[in-house]
S.K.: 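Below are the C-alpha cells for one structure; questions will follow.
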4 protein chains.
Amino acid sequence: MTMLLEAFKSEGLAHISYMLGHQGEAAVIDPRRDIEAYLDLARQNGLRITHIFETHRNEDYVIGSVELARKTGATIHHGAAMDFAYGNAVSEGDTFKVGDLELRVLETPGHTPESISLVMADTSTAPEPLGVFTGDALFIGDVGRTDFYEPVDRWAEALYDSIHEKLLPLGDQTILYPAHGAGSVCGAHMAQREFSTIGYERRHNRMLQFDRDAFIRAKREESHDRPPYFLKMEEHNQQGNPRPLDDLAFPTPMAPGEVSEALEKGTQVVDIRSPEAFAGAFIPGSTAIPLNMLAPYAGFFLSYDADIILVAENVEQVSEALTTLRRIGYDRVTGHLRGGLTSWEVAGLPYDTIPAVHVDSLVDGVQNDSLRVLDVRKPGEVEGGMLPGAIHIPLAELMDRMDELPKNELLVAFCGSGMRAIIAASLLKGRGFGDVGNSLGSMAACRMRGCPIK
Amino acid sequence: MTMLLEAFKSEGLAHISYMLGHQGEAAVIDPRRDIEAYLDLARQNGLRITHIFETHRNEDYVIGSVELARKTGATIHHGAAMDFAYGNAVSEGDTFKVGDLELRVLETPGHTPESISLVMADTSTAPEPLGVFTGDALFIGDVGRTDFYEPVDRWAEALYDSIHEKLLPLGDQTILYPAHGAGSVCGAHMAQREFSTIGYERRHNRMLQFDRDAFIRAKREESHDRPPYFLKMEEHNQQGNPRPLDDLAFPTPMAPGEVSEALEKGTQVVDIRSPEAFAGAFIPGSTAIPLNMLAPYAGFFLSYDADIILVAENVEQVSEALTTLRRIGYDRVTGHLRGGLTSWEVAGLPYDTIPAVHVDSLVDGVQNDSLRVLDVRKPGEVEGGMLPGAIHIPLAELMDRMDELPKNELLVAFCGSGMRAIIAASLLKGRGFGDVGNSLGSMAACRMRGCPIK
Amino acid sequence: MTMLLEAFKSEGLAHISYMLGHQGEAAVIDPRRDIEAYLDLARQNGLRITHIFETHRNEDYVIGSVELARKTGATIHHGAAMDFAYGNAVSEGDTFKVGDLELRVLETPGHTPESISLVMADTSTAPEPLGVFTGDALFIGDVGRTDFYEPVDRWAEALYDSIHEKLLPLGDQTILYPAHGAGSVCGAHMAQREFSTIGYERRHNRMLQFDRDAFIRAKREESHDRPPYFLKMEEHNQQGNPRPLDDLAFPTPMAPGEVSEALEKGTQVVDIRSPEAFAGAFIPGSTAIPLNMLAPYAGFFLSYDADIILVAENVEQVSEALTTLRRIGYDRVTGHLRGGLTSWEVAGLPYDTIPAVHVDSLVDGVQNDSLRVLDVRKPGEVEGGMLPGAIHIPLAELMDRMDELPKNELLVAFCGSGMRAIIAASLLKGRGFGDVGNSLGSMAACRMRGCPIK
Amino acid sequence: MTMLLEAFKSEGLAHISYMLGHQGEAAVIDPRRDIEAYLDLARQNGLRITHIFETHRNEDYVIGSVELARKTGATIHHGAAMDFAYGNAVSEGDTFKVGDLELRVLETPGHTPESISLVMADTSTAPEPLGVFTGDALFIGDVGRTDFYEPVDRWAEALYDSIHEKLLPLGDQTILYPAHGAGSVCGAHMAQREFSTIGYERRHNRMLQFDRDAFIRAKREESHDRPPYFLKMEEHNQQGNPRPLDDLAFPTPMAPGEVSEALEKGTQVVDIRSPEAFAGAFIPGSTAIPLNMLAPYAGFFLSYDADIILVAENVEQVSEALTTLRRIGYDRVTGHLRGGLTSWEVAGLPYDTIPAVHVDSLVDGVQNDSLRVLDVRKPGEVEGGMLPGAIHIPLAELMDRMDELPKNELLVAFCGSGMRAIIAASLLKGRGFGDVGNSLGSMAACRMRGCPIK
C-alpha cells in the first residue's frame with residue numbers, strides 16, 4: 001500500500017498541516033480547527049488516526065487537536081517545555097510509527113520554548129531521514145519569528161542552534177515540510193514556493209547564510225505585527241478549550257432592518273466584499289475587511305466579545321469567511337445580510353461611498369495640496385519612500401493613533417495595492433471622518449506610473 | 001422502478017426543461033444547450049435517452065436537441081407547422097412511450113404556429129392525463145406571448161383556443177409543467193411559484209378569467225421586450241446549427257495590458273461584477289452587465305460578431321457567466337481579466353467611477369435642479385409615476401436614443417432597484433457622458449422613503 | 001422571489017420530507033435524522049428555518065426534529081392527540097405562514113391518532129388549496145396502514161373519514177405530497193410514481209374506490225410487517241431523545257484479526273455486499289443484508305444492544321449503509337473490515353460459500369427430491385403459488401421458526417428475486433445449517449422460465 | 001503568487017503527471033488522456049497552459065498532449081531522438097520559463113532513445129536545481145525498464161550513464177518527480193512512497209548501488225510483462241492520433257436480453273465486479289477482470305477490434321472502468337448491463353459459479369490428489385516455491401498455453417492473493433473447462449496458514 005503524505009493548506013493563514021498514513025494508521029501534524037478534511041481523507045484511505053502532533057503552541061490559529069482526538073481516539077503530543085492542559089509531552093528522540101513510517105522528535109526551540117520538529121524516515125528502506133516537519137522553526141526561504149518571548153536574543157540563539165545543530169545535520173536529501181507557506185504572518189521573507197529540501201535551504205535561505213552573531217542581529221532587527229487576537233489563540237491552544245465546531249450554527253440570514261437594529265446595539269458589521277464594491281456603497285458604521293484580508297487583519301479589528309454580522313456578495317462568501325473567522329476563534333458570527341447590499345439599498349436605508357482616487361489624481365492632489373495621503377503600510381515597507389506629505393500610520397496602529405489625523409482635509413488611504421487602504425478608509429469613516437478617499441492600486445500603481453517618492 | 005420526472009431550471013432565463021424516465025428509457029423536453037445534466041441524470045438512473053421533444057421553436061435560448069441527439073442517438077420531435085432543418089414532425093394525437101409513461105401530442109399554436117403540448121399519462125394506472133408539458137402556451141399565472149407573428153390577433157385567438165379547447169379539458173387534476181418559470185422574458189405576470197395544476201390555473205390564472213374577446217384585447221395591449229439576440233436564437237433553433245459546446249474553450253486569463261489592447265481593437269469588455277463594485281471602479285470603455293442581469297440583458301447590448309472579455313470578481317463568476325452567455329449563443333467569450341480589477345489597478349491603468357446617489361439625495365437634487373433623472377424602466381413600469389423632471393427611455397431603447405439626453409447635466413440612471421441603472425450608466429459613460437450617477441435602490445427605495453412621484 | 005418547494009427522498013425507507021421556503025423563511029415537514037440537506041438548502045437560498053411539522057409520530061425512522069430545532073431555533077409542531085415530550089400541539093384550522101405560503105392544519109387520524117395533514121395555499125394568488133402534505137394518511141396509489149392501534153376497525157374508519165371528509169374535499173386541483181413513495185414498508189400498493197393530485201387519486205387510487213364498509217374490510221384484511229425496530233423508533237419519536245449525529249464517529253477501519261475477535265465476543269458482523277459476493281465468500285457468523293435491503297430488513301435482524309461491524313466492497317458502501325442505519329436508530333456501527341473481504345482472505349482466515357442455484361436446477365432438484373425449497377416471501381406473495389414441496393416461512397418469522405426446518409437436507413432459500421433469500425441463507429448458516437443454497441433470480445426467474453408452480 | 005506544483009496520479013496505471021504554474025502560465029508534463037483535471041486546475045488558478053512536455057514516448061497509456069494542445073493552444077515538446085507526427089523536438093540544455101520557474105532539458109536515454117528529464121529551478125531564488133522530472137529514467141526505489149529496444153545492453157548502458165552522469169550530479173537536494181509510482185508495470189521494485197530526493201535515491205535506491213557492469217547485468221536479467229496493448233499505445237503516442245474523448249459516449253445501459261444477444265455475436269463481456277461476486281454468479285462467456293485489475297490486465301485480454309460490454313455492481317463502477325479503459329485506448333466500451341447481474345438473474349438467463357477454495361482445503365486437495373493447482377504468478381514470484389504438483393503458467397501466457405492443462409481434473413486457479421486467479425478461472429471457463437475453482441487468498445493466505453511449499 002502506498003504511503004500517504006498530504007499537505008492541507010489553510011489559505012489566508014498560509015498554515016500547512018499534514019497527514020501521514022500507512023498500513024491502516026495515520027498521524028496528523030498541527031491540525032486546524034475544522035477537522036473534516038482529515039477525517040475524510042482518513043476515511044477514504046481506510047486509515048485510523050492514532051497520533052496528533054503539535055510542533056508548537058500556535059499563536060495564529062486555533063488548533064484542532066482536542067476535537068480531532070475526541071472524534072478519533074488519537075493521542076495528542078507536544079513539546080515538553082510548556083505546560084498544556086491536555087495531551088502528552090514528548091522529548092528528544094521519542095519515536096512513533098505509522099505503518100513503516102517513523103517520526104522521531106527533535107527539540108528545536110526558538111520560535112517557542114517547546115517547539116519540536118519531527119524527522120520522518122521510511123523504515124522499510126533506510127533509517128536515514130527522508131523528510132522533516134519543522135513547524136515554525138525553519139520555513140522555505142525564512143526562519144520562524146523569535147519575538148514572542150523575552151529576551152529576544154536568547155530565543156534567536158536557540159533557533160540558530162536548533163537549525164544548525166539539529167536540522168541541517170539531517171542531510172541535504174531531507175525534504176522540508178514547514179507549518180507555514182508564503183503569505184503567513186509568521187515570517188516575512190518566505191519563498192513563493194512550497195517545496196524545498198534541507199540542502200536547498202542550507203545554500204539559498206537568506207537566514208541560513210548568516211553566522212550566529214549576524215543571525216541574532218538580524219532577528220533582533222526584525223519587526224512583526226502581533227495582532228491582539230494572538231492572545232486568544234495562545235489561551236485556546238494551551239488550554240485546549242475552544243468550542244467544538246459542531247456546536248456552532250451557520251449565520252442567520254437577516255433582513256436589512258434587523259441588521260440596522262443590531263448595528264445600533266453594538267453588533268460588529270463586517271463587510272467582506274471587494275474594495276471596489278465597498279467603495280461603491282457601504283453601510284455606515286460597517287468595517288471593510290475584504291474576504292482575502294480576513295485572515296491577517298480580522299484579529300486586529302474585531303472583538304471576541306460582540307456578535308458579528310457579515311455583508312457579502314453571496315452565501316459562498318459568507319461560508320468562506322466563516323471558515324476563516326472560526327479558524328481564528330471568532331465563534332460569534334451570528335448573521336449575514338440576506339440578499340446582500342442590494343436588499344439594504346432597496347429598503348431605502350442610508351449608504352455611504354468612498355471615492356477611489358487613481359494615483360495620477362493622487363499625485364495631482366498632493367502637488368496642489370488638495371488632499372492628504374494616509375499611508376498605512378508597515379514600517380519596513382515605507383523605507384523605500386512615501387508620497388510627499390504623506391502621514392504614516394501602520395494599519396495595525398491606526399485605531400490607537402487616529403487623533404494624529406487632520407479632520408478638515410480630504411484623507412486618501414494608501415497602502416501597497418489598495419486592500420489595506422479600504423480597511424483604513426472604513427475605519428476613518430467609522431470614527432466620523434467625513435472626507436475620505438481610497439487609493440485603489442496604491443504603491444503598486446505608483447511604481448508603474450512613476451509617482452514622485454520621497 | 002420509480003418513474004423519474006425531473007425539472008431542470010436554467011436560472012436567469014427562467015427556462016425549465018424536463019426529463020422523464022422509466023424502465024430504462026428516457027425522454028427530454030426542451031433541452032438547453034449544456035446537456036451534461038441530462039446525460040448525468042440518465043447515467044445515474046440507468047436510462048437511455050430515446051426521445052427529445054421541442055414544444056416550440058424557442059427564441060430566447062439555444063436549444064440543445066441536436067447535440068443531445070448526437071450523444072445519445074435519440075430522435076428529435078417538434079410540431080409540424082414549421083420547417084426545421086432537423087428532427088421529425090409530430091401531429092395531434094401522436095403518442096410516445098417511456099416505459100409505462102405515455103406522452104401524447106396536442107397541437108397548441110399561439111405562441112408559435114407549431115407549438116405543441118405533451119400530455120402525460122401513467123398507463124400502468126389509467127389513460128387519464130396526469131400532467132401536461134405546455135411549453136410557452138400556458139404558464140403558471142400567465143400565458144405565452146403572441147407578439148412574435150403577425151397578425152397578433154390571429155395568434156392570440158389561436159392561443160385562446162389552444163388553452164380553452166385543448167388544455168383546460170384535460171381536467172383539473174392535471175399537473176402543469178410549463179417551459180418557463182418566474183423571471184422569464186417570455187411572460188410578465190408569472191407566479192413566483194413553479195407548481196400548479198390545470199384546475200388551479202383555470203380558476204386563478206388572470207388570463208384564463210377573460211372571455212375570448214377580452215383575452216385578445218389583453219394580448220393586443222401587452223408590450224414585451226424583443227431583444228435583438230432572439231433572431232440568432234431563432235436561426236439556431238430552426239437550422240439546428242449551433243456549435244457543439246465541446247468545441248469551445250474556457251476563456252483565457254488575460255493580463256491587464258492584454259485586455260487594454262484588446263479593448264482598443266474593438267473587443268467587448270463586459271463587467272459582470274455587482275453594481276456597487278462597478279460604481280466603485282471600472283475599466284473605461286467596459287459595459288456593466290451584472291452577472292444576474294446577463295440572461296435578460298446581454299442580448300440587447302452584446303454583439304455576436306466580436307470577442308468578449310469578462311471582468312469578474314473571481315473565476316466562479318466567469319464560469320457562471322460563460323454558461324449563461326453560451327445558452328444564448330455567445331460563443332466568442334475568449335478571455336477574462338486575470339486577477340480581477342485589482343490587477344488592473346495595481347498595473348496603474350486608468351479606471352473610472354460612478355457615484356451612487358441615494359434616493360434622499362436624488363430627491364434633493366431634483367428639487368434644487370442639480371441633476372437629471374434618467375428613468376430606464378419599461379413603459380408598463382412607469383405608469384405608476386416617475387420622479388419629477390425624469391427623462392424616460394427604456395433600457396432596451398437607450399443605445400438608439402442617447403441623443404435625446406442633455407450632455408451638460410449630471411445624469412442619474414434610475415430603474416426599479418439599481419441593477420438596470422448601472423447598465424445604463426455604463427452605456428452613458430461608454431458614449432462619452434462625463435457626469436453620470438447611479439441610483440442604487442432606485443424606485444424600490446423611493447417607495448420606502450416616500451419620494452415625490454408624479 | 002420564487003417559492004421553494006423541495007422533496008427529500010430517503011432511498012430505502014422511501015420516506016419523503018419536504019422543505020417550503022419563501023421570503024427568507026422556511027418550514028420543514030417530517031425531517032429525517034440527518035439534517036444537513038435541509039440546512040444546506042436553506043443556506044443556499046438565504047432562508048431561516050422557522051417551523052418544523054411532524055405529520056405523525058413516525059414508527060419507521062428516527063425523526064430529526066429535535067436536532068433541526070436545536071440548530072435553527074425553529075419550533076416543532078405535531079398533532080394534539082398524542083403526548084410528546086417535546087414540541088407544540090396543533091389543532092384543526094391552525095395556520096402558519098412561510099412568506100406568502102400558508103400551511104393550514106387538518107386533523108386526519110387513522111394511521112395514528114394524532115395524524116395531521118397540512119394544506120398549502122399561495123396567499124398571493126388565492127386562498128384555495130394548491131397542495132396538501134398528507135403524511136401517512138393518503139399515498140399515491142394507496143392509503144396509510146391502520147394496524148398499529150386497536151381496534152383496527154376504528155382506525156380504518158377514522159382514516160376513511162379523514163380522506164373522504166377532509167382530503168378529497170380540498171378539490172381535484174390539489175397536488176399531493178405524501179410522506180412515503182414507492183418501496184416503503186408503510187404501504188403495499190403505492191404507485192411507482194411520486195407525482196399526483198387529489199383529483200387523480202380520487203378516481204384512480206384503488207382504495208378510494210371502496211365505500212366505507214368495503215374500505216374497512218379491505219383494511220382489516222391487510223397484512224403488514226411490523227419489524228421489532230419500530231418500537232425503538234416510536235420511543236425516539238415520542239420522547240425526542242435520539243443522540244445528535246454529531247456525537248457519532250465514522251466506523252473505525254478494523255484489521256481482519258480485530259474483526260475476528262469482535263465476532264467471537266458477540267459483535268454483530270453485517271455483510272452489505274451483493275448476494276453474489278456474499279455467496280462467493282463470506283465470514284462465518286456474519287449476516288448478509290445487502291446494502292439496498294438494509295432499510296427494510298436491518299430492523300428485523302439487528303440488535304440495538306451490541307456493536308455492529310460492516311463488511312463492504314468499499315468505504316462508499318460503508319458510508320451509505322451508515323446513513324441508512326442511523327436513520328433507523330442504529331448508533332453502534334463501530335467498525336468496518338478494512339480492505340474488504342480480500343483482506344480477510346489474504347489473512348488466511350476461514351470463509352464459507354453458499355452455492356447459487358439457478359431455477360432450472362432448482363426445478364430439477366425439486367423433482368428428483370435432492371433439495372428442499374425454503375420460500376421466505378410474505379403471505380400475500382405466495383398466494384400465487386409456490387414450488388412443489390416448498391416450506392414457507394416469511395423472512396420476518398425465520399429466526400423464530402427455524403426449528404421447523406429439516407437439518408439434513410439441502411435447503412435452498414427462495415424469495416422474489418434472490419435478495420431476501422441471501423439474508424435467509426446467511427441466517428441459516430449462522431444457525432448451523434450446513435447445506436444451504438440460494439436461488440438468485442428466485443420467483444422472478446421462475447416466471448420467465450416457466451417453473452411448475454402449485 | 002505561490003508557485004503551483006501539482007501531481008496527478010492515475011490509479012491503476014500508477015502514472016503520475018504534473019502541472020507547474022506561476023504568474024499566469026502553466027506547463028503540463030506527461031498529460032493523461034482525460035485532460036479535464038489539468039484544465040480545471042489551470043482555470044481555478046488563472047493559469048494559461050502554454051507548454052506540454054512528454055518525457056518519452058509512453059507505451060503504457062494514451063498521452064493527452066494533442067487534445068490538451070488543441071484546447072489550450074499550448075505547444076508540445078518531446079525528445080529529438082524519435083520521429084513524432086506532432087509537436088516539437090527539444091535538445092539538451094533547452095530551457096523554458098513558467099513564471100519564475102525554469103525547466104531545462106536533460107537528454108536521459110535508456111528507457112527509450114528520446115527520453116528526456118526536466119530540471120526545475122526557481123530562478124527568483126537561485127539557478128541551482130530544486131527538482132527534476134525524470135519520466136521513466138529514475139523512479140523512487142527503482143529505475144526504468146530497458147527491455148523495449150534492442151540490444152538490451154546498449155539501452156541499459158545508456159540508462160546507467162543518464163542516471164550517473166546527468167541525474168545524480170544535480171545534487172542531493174534535488175526533489176525527484178518520476179512518471180510512475182508504486183504499482184506500475186514500468187518497474188518492479190518501486191517504493192511504496194511518492195516522495196524522495198536525488199540524495200536519498202543515490203544512497204538507498206537498490207539499482208543505484210551497482211557499478212556499471214553490475215547494473216547492466218541486473219537489467220539484463222529483469223523480466224517484465226509486455227502486454228499486447230503496448231503496441232497500440234506506442235502507435236497512438238507516436239502518431240498523436242487517438243480520438244478526442246469528447247467524441248465518445250457513455251456506455252448505453254442494456255437489458256439482459258440485449259447483452260445476451262451481443263455476447264453471441266462476439267461482443268466482449270467484461271465483468272469488473274469483485275472476485276467473490278464473480279465466483280458467486282457470472283454470465284457464461286464473460287471475462288472477469290476486477291475493476292482494480294483493469295489497468296494492468298485489460299491490455300492482455302481485451303481486443304481493440306470488438307465492442308466491450310461491462311458488468312458492474314453499479315454505474316459508478318462503470319464510470320471508473322471507463323476512465324481506465326479509455327486511458328489505455330479502449331474506445332469501444334459501448335454498453336453495460338443495466339441493473340447489474342440481478343437483472344440477468346431475474347430474467348431467468350443462465351449463470352455459472354466458481355467455487356472458492358480456501359487454502360486449507362487446497363492443501364487437503366493437493367495431498368489427496370483431488371485437484372490440481374494452476375499457479376498463474378509471474379516467473380519471479382514463483383522462485384520462492386509453489387504448492388506441490390502445481391502447474392505454472394503466468395497469467396500473461398495463459399491464453400496461449402491452455403492446451404497444456406488437463407481437462408478432466410478440478411483446476412484451482414492460484415496467484416498472489418486471488419485477484420489474478422479469478423481472471424484465470426474465468427478464462428478457463430470461457431474455454432470450456434468445466435471444473436474450475438479459485439483460491440481466494442492464494443499465496444498470501446498460504447503464508448499465513450503455513451502451506452507446504454516446494
Side-chain angles (χ1 to χ4, degrees), chain C residues 256-257 271 273-282 284 288 290-292 311-314 316-317 320 339-361 415-419 421-422 437-451, chain D residues 256-257 271 273-282 284 288 290-292 311-314 316-317 320 339-361 415-419 421-422 437-451:
Chain C
D271 193 318
R273 297 175 303 144
S274 65
E276 296 83 8
F278 190 87
F282 68 92
L291 185 49
N292 61 347
V311 176
E313 293 284 355
N314 50 47
E316 285 74 29
Q317 282 193 347
E320 200 180 322
L341 207 71
T342 300
S343 73
W344 182 273
E345 293 158 6
V346 299
L349 290 164
Y351 52 75
D352 201 350
T353 66
I354 293 174
V357 183
H358 192 273
V359 289
D360 292 355
S361 313
C415 63
S417 69
M419 284 284 163
I422 197 74
N438 177 42
S439 173
L440 294 171
S442 281
M443 198 61 206
C446 267
R447 280 198 203 94
M448 301 302 290
R449 302 292 298 167
C451 299
Chain D
D271 193 320
R273 296 175 303 144
S274 65
E276 296 84 8
F278 190 87
F282 67 93
L291 184 48
N292 62 345
V311 177
E313 293 284 353
N314 50 48
E316 286 73 30
Q317 282 193 348
E320 201 180 322
L341 207 72
T342 300
S343 73
W344 182 273
E345 293 157 6
V346 298
L349 291 164
Y351 52 74
D352 201 350
T353 66
I354 293 174
V357 183
H358 192 274
V359 290
D360 292 355
S361 313
C415 63
S417 69
M419 284 282 164
I422 197 74
N438 177 43
S439 173
L440 294 171
S442 282
M443 198 60 207
C446 266
R447 280 198 201 93
M448 301 302 289
R449 303 291 300 166
C451 300

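Quick caveat, the model's predicted, so the values are computed rather than measured.
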S.K.: Who are the side chain to side chain donor-acceptor pair (under 3.5 Å) partners of C/Asp352, not counting sequence neighbours?
M.R.: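 If we apply the side chain to side chain donor-acceptor pair (under 3.5 Å) test to C/Asp352, skipping adjacent residues, the hits are C/Lys429.
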S.K.: For C/Met419, which atoms come within 4.5 Å of any heavy atom of chain D: side chain, backbone, both, or neither?
M.R.: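 It is the side chain, since no backbone atom gets that close.
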S.K.: Looking at D/Gly340, D/Ser439, D/Ser417, D/Ala444, which has the largest count of heavy-atom pairs under 4.5 Å with chain C?
M.R.: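 Heavy-atom pair counts peak at D/Ala444.
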S.K.: With chain C, which of D/Val357, D/Asn438, D/Asp360 has the greatest number of heavy-atom pairs at distances under 4.5 Å?
M.R.: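 Result: the option with the highest number of such pairs is D/Val357.
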S.K.: Looking at D/Leu440, is its backbone amide N or carbonyl O close enough to the side chain of C/Tyr351 to form a donor-acceptor pair, meaning the two atoms are under 3.5 Å apart?
M.R.: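 The answer is yes, because a donor-acceptor pair under 3.5 Å joins these two groups.
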S.K.: Specify which of C/Gly280, C/Ala277, C/Gly441 makes the most heavy-atom pairs with chain D at under 4.5 Å.
M.R.: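 Option with the top pair count is C/Ala277.
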S.K.: Donor-acceptor check, side chain of D/His358 to backbone of C/Glu345, threshold 3.5 angstrom: yes or no?
M.R.: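 No, because the side chain of D/His358 does not come within donor-acceptor range (under 3.5 Å) of the backbone of C/Glu345.
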S.K.: Measure D/Ile354 against the heavy atoms of chain C and call it side chain, backbone, both or neither at under 4.5 Å.
M.R.: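 Neither part, no heavy atoms under 4.5 Å.
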S.K.: By a 4.5 Å heavy-atom criterion (distance strictly below it), what part of D/Thr353 contacts chain C: side chain, backbone, both, or neither?
M.R.: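 Side chain only.
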S.K.: How long is the straight-line distance from CG of D/Asn314 back to CD of C/Glu316, given to the nearest 0.5 Å?
M.R.: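 CG of D/Asn314 is found 9.5 Å from CD of C/Glu316.
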S.K.: Check each atom of D/Arg273 against the heavy atoms of chain C and say whether the ones under 4.5 Å are side chain, backbone, both or neither.
M.R.: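 The side chain, not the backbone.
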S.K.: Taking side chain to side chain donor-acceptor pair (under 3.5 Å) as the test, write out the residues that go with C/Glu276, two or more places apart.
M.R.: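 Here the qualifying residues are C/Ser274.
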